[in-house]
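This report refers to the structure that appears directly beneath it.
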Protein chains: 2
Amino acid sequence: MVRKRLHDPVDGRPTVHTVAARAGVSIASASRVLNGLGASDETIRKVRAAAAEVGYVPNAIARSLQSQRTGLVALAVEDIGNPVYVAMMRAIEAVVASSGRQLVVHATGGHIPSETALLRRLANRYVDGMIVSPIRVTNDHLTAMIESPVPVVVIGQLREDAPVDNVRTDSRTGVGLAVDHLVATGRRRIGFVNGPLDTVPGAARDAGFRAALAGHGIEPDERLIEVGDFQYAAGRAAAERLLARATPDALLCANDLIAVGALHALLAGGRRVPHDVALVGMDDTELAQMMFPQLSSVSLGSAERGRRAAELLLQRIAEPALPPRREHVPPALSVRASSEPVAAGPAA
Amino acid sequence: MVRKRLHDPVDGRPTVHTVAARAGVSIASASRVLNGLGASDETIRKVRAAAAEVGYVPNAIARSLQSQRTGLVALAVEDIGNPVYVAMMRAIEAVVASSGRQLVVHATGGHIPSETALLRRLANRYVDGMIVSPIRVTNDHLTAMIESPVPVVVIGQLREDAPVDNVRTDSRTGVGLAVDHLVATGRRRIGFVNGPLDTVPGAARDAGFRAALAGHGIEPDERLIEVGDFQYAAGRAAAERLLARATPDALLCANDLIAVGALHALLAGGRRVPHDVALVGMDDTELAQMMFPQLSSVSLGSAERGRRAAELLLQRIAEPALPPRREHVPPALSVRASSEPVAAGPAA
DNA sequence: TTGTACGCGTTATCAT
DNA sequence: ATGATAACGCGTACAA
């Protein structure tokens with residue numbers, strides 16, 4: 001015989017069997033009482049007492065094996081320290097926690113292979129679903145998402161025909177809001193500090209900027225356009241390059257980190273903001289309000305996108321057969337001191 | 001008979017049985033091959049082929065039930081959006097991920113009951129361990145941690161005799177570094193904007209401030225001390241109250257968020273930084289370098305504390321019998337523009 | 001080397 | 001209402 005011990009926990013912690021034995025009932029009755037199902041008053045009393053005495057706590061893993069649910073939801077983003085993703089994560093965690101579930105976070109470093117590997121790992125079902133916000137969505141991403149046995153929700157742009165739940169914003173239009181505002185307040189030589197053009201956000205913002213200028217009959221001046229990374233240091237460097245060769249009366253930045261870098265470049269170079277140069281960022285993170293002067297910024301609803309994505313995911317977990325859904329969060333411009341019209345008008 | 005189906009997965013996804021049947025071997029052989037244990041070349045070939053054909057992926061939950069390990073590690077902090085915790089979380093995630101595990105995050109809102117409830121939930125073993133950074137450690141915290149079947153590591157102050165792994169810094173000394181620096185650069189009327197005194201960090205910083213002043217023979221002036229919350233808005237309001245009734249030549253803030261608020265209050269009030277008032281924050285978050293002027297700040301090694309805590313936890317998971325350990329991360333002052341000595345000396 | 005069978009801890013089904 | 005037992009999917013001790 002193999003059975004050295006039968007239902008006697010190896011580490012001394014009580015199981016249903018422990019409780020059942022102590023209460024003098026079957027494990028079935030014990031389980032029923034512990035799950036609030038029907039039983040006689042006497043049985044209920046005995047089981048409750050036994051459970052309390054031994055300090056019984058149900059094992060989450062065993063329960064998961066039975067229920068085929070882990071109660072976990074994953075979030076995969078490039079960098080969990082980036083203010084945009086922090087805002088998303090915060091909102092997602094709130095929704096997930098309020099549903100009694102928990103959030104598993106992954107930092108992908110924007111590395112495509114790690115992202116797809118993560119998606120493929122969903123096949124082992126360590127979570128009930130995943131929210132992913134990739135910089136770029138490849139075919140590998142798509143097939144991995146479609147083959148996943150647990151639902152995936154994408155925050156960001158996605159092919160129209162992709163059968164995947166999706167929450168997106170329209171950063172192109174968002175750039176337009178900023179340009180319109182700057183033009184309306186008398187700015188004409190509008191500079192643009194963008195992120196890499198081979199990313200989805202970078203490309204969309206570039207297109208939006210040129211389209212918006214065209215809408216006002218302004219010819220784009222390539223000397224007023226500079227590209228760096230979506231980071232503070234890169235933004236500052238890019239702004240410095242731009243300022244060294246041109247004299248904009250406004251600077252639009254592809255995100256708030258870049259805008260903060262640009263602010264440094266401007267102030268260090270002796271430019272007054274907004275008097276000499278108006279400054280507008282994007283993402284409208286907490287950072288924008290913390291700067292002096294406070295930064296105008298185009299909100300792309302990061303928190304709202306996170307919230308909506310979490311809700312979509314929870315719905316689909318509950319109802320897997322739902323058709324793919326696509327939600328839009330519109331951009332909105334928050335005007336603050338950094339781009340307020342100045343009495344004397346911009347430096348001429 | 002009950003057995004409608006025997007080892008035939010309900011959702012159509014392959015299990016070891018599927019693979020074994022297809023390869024014409026027993027599940028034991030299949031399992032062995034899939035886990036890289038010994039088997040004949042022929043068996044290996046057949047099993048590998050069968051697994052590939054049906055797209056077999058091991059089920060994480062079943063594996064956990066067997067191994068008594070989830071491969072998950074939890075982190076519980078007040079607010080996953082606070083720059084300090086973001087820095088910690090980033091470092092922790094990196095360590096955890098590099099060990100092949102995953103990170104579950106919890107936002108406690110600084111709510112004591114939720115924190116202790118979270119610790120008690122460890123009894124159901126949904127994770128292999130937890131890192132927690134409580135604002136305050138109650139007896140409830142301690143008993144919950146001690147009774148937990150999985151290891152807990154605390155980032156922050158803890159009773160000396162608490163048998164719990166612990167990583168801490170010395171913010172009291174940290175405050176001293178800042179005061180020393182300010183005094184050495186000619187400041188005498190040093191103001192202090194602190195967080196709530198009934199929190200561990202708030203109390204430590206208050207004590208440190210008074211002790212440091214005493215060390216320089218300076219009498220603490222209560223009008224130069226103000227208390228708010230550890231947040232931007234509260235910090236700004238607190239600084240405004242202080243500036244309305246006193247004229248400090250330096251301002252020390254209990255964290256960087258407060259310091260940013262104070263910077264706003266100073267600049268909005270027409271004070272020059274550092275010329276009129278030197279400014280020093282604490283935590284040395286990324287925020288400090290993003291401000292203009294860049295903020296001096298006392299580093300309390302948030303990322304380093306996170307990294308060390310994660311390593312302690314992983315070690316203890318591997319070796320549960322280890323004696324409790326206590327690690328210290330020393331504070332360090334980063335001097336930047338906001339507190340650099342000014343040629344003319346501070347306004348007199 | 002290979003197969004049989006048990007155990008992980010829980011819930012659910014069936015028969016009593 | 002209660003108890004015996006299958007089942008979730010995996011790993012492995014033991015016997016062959």
Side-chain angles (χ1 to χ4, degrees), chain A residues 1-21 23-47 51 54 56-71 123-126 128 149, chain B residues 1-21 23-47 51 54 56-71 123-126 128 149:
Chain A
M1 287 302 281
V2 179
R3 60 176 64 186
K4 302 170 201 159
R5 65 200 163 72
L6 183 57
H7 298 313
D8 185 18
V10 58
D11 58 356
R13 292 191 64 81
T15 75
V16 218
H17 298 88
T18 319
V19 174
V25 301
S26 70
I27 60 164
S29 291
S31 177
R32 274 190 290 260
V33 171
L34 294 170
N35 288 312
L37 301 181
S40 74
D41 290 355
E42 177 61 6
T43 303
I44 292 179
R45 195 191 54 72
K46 286 190 297 187
V47 171
V54 300
Y56 170 76
V57 177
N59 181 300
I61 303 171
R63 182 172 275 182
S64 287
L65 182 60
Q66 166 70 24
S67 67
Q68 303 283 20
R69 287 259 147 102
T70 61
N124 73 17
R125 290 190 150 81
Y126 72 103
D128 295 338
Chain B
M1 288 301 281
V2 179
R3 60 176 63 186
K4 301 170 202 159
R5 65 200 162 70
L6 184 57
H7 298 315
D8 185 18
V10 58
D11 57 357
R13 292 189 65 81
T15 74
V16 220
H17 297 88
T18 318
V19 174
V25 301
S26 71
I27 59 162
S29 291
S31 176
R32 276 189 287 259
V33 171
L34 294 170
N35 289 311
L37 300 181
S40 75
D41 290 355
E42 177 61 5
T43 303
I44 293 180
R45 195 192 54 71
K46 286 191 295 187
V47 172
V54 300
Y56 171 77
V57 177
N59 181 300
I61 303 171
R63 181 173 278 184
S64 287
L65 183 60
Q66 163 72 21
S67 67
Q68 301 283 21
R69 288 258 145 104
T70 62
N124 72 17
R125 290 186 146 81
Y126 73 103
D128 294 338

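What you see below is based on every heavy atom in this structure, not just the backbone, and it leaves out hydrogens, waters and symmetry mates. In what follows, every chain begins at residue 1, and chains take the letters A, B, ... in the order their sequences are listed.
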- Task: Compare side-chain N and O positions of B:S29 against OP1 and OP2 of C:dT2 and report whether any pair is under 4.0 Å apart.
- Result: no
- Note on the structure: Per-helix bend value, the helix from C:dT1-D:dA16 to C:dT16-D:dA1, C1' rotation axes over five pairs per end, 10° rounding, shows 50°
- Closest to the side chain of A:R63, out of C:dG7, D:dT2, C:dT10, is C:dT10
- Item | B:S31 side chain near D:dC10 phosphate (N/O to OP1/OP2, under 4.0 Å) | no
- Looking at B:N59 and A:R125, what are the two nearest heavy atoms and their distance? ND2-CD, 4.1 Å
- What nucleic acid atoms does B:A28 come within less than 4.0 Å of, heavy atoms only: base, sugar-phosphate, or nothing? base
- Residue-phosphate contact under 4.0 Å: A:Y126 side-chain N/O, D:dG9 OP1/OP2: no
- Task: Nearest whole angstrom, please: distance from the P of C:dA12 to the CG of A:L65.
- Result: 13 Å
- Query: Is the distance from OP1 or OP2 of D:dA1 to the nearest side-chain N or O of A:R32 less than 4.0 Å?
  - Reply: no
- Presence of B:T43 side-chain N/O under 4.0 Å of C:dT2 phosphate oxygens OP1/OP2: yes
- Quick one: B:R69 CZ to D:dG9 P, roughly how many Å, whole number? 24 Å
- Note on the structure: Whole-Å distance, A:L34 CG to C:dT10 P, equals 9 Å
- Task: State, to 0.1 Å, how close B:V19 and B:V47 come at their nearest heavy-atom pair, and which atoms those are.
- Result: CG1-O, 3.9 Å
- Message: Strictly below 4.0 Å: does A:N35 bring a side-chain N or O up to OP1 or OP2 of C:dT11?
- Response: yes
- Does a side-chain N or O from A:T15 land closer than 4.0 Å to OP1 or OP2 of C:dC8, or not? no
- Report which part of the nucleic acid A:I27 touches: base, sugar-phosphate, or nothing (heavy-atom distance under 4.0 Å, all strands). base
- Round to the nearest Å and state the distance from A:Q66 atom CD to C:dT11 atom P. 7 Å
- Message: Restricting to non-hydrogen atoms, name the atom on B:I61 and the atom on A:S64 that form the minimum distance, rounded to 0.1 Å.
- Response: CG2-CB, 3.7 Å
- The residue, B:V57 or A:S26, whose nearest nucleotide of DNA chain D is more 5′ is A:S26
- Item | Phosphate-side-chain proximity, A:Q68 and D:dG9, N/O vs OP1/OP2 below 4.0 Å | yes
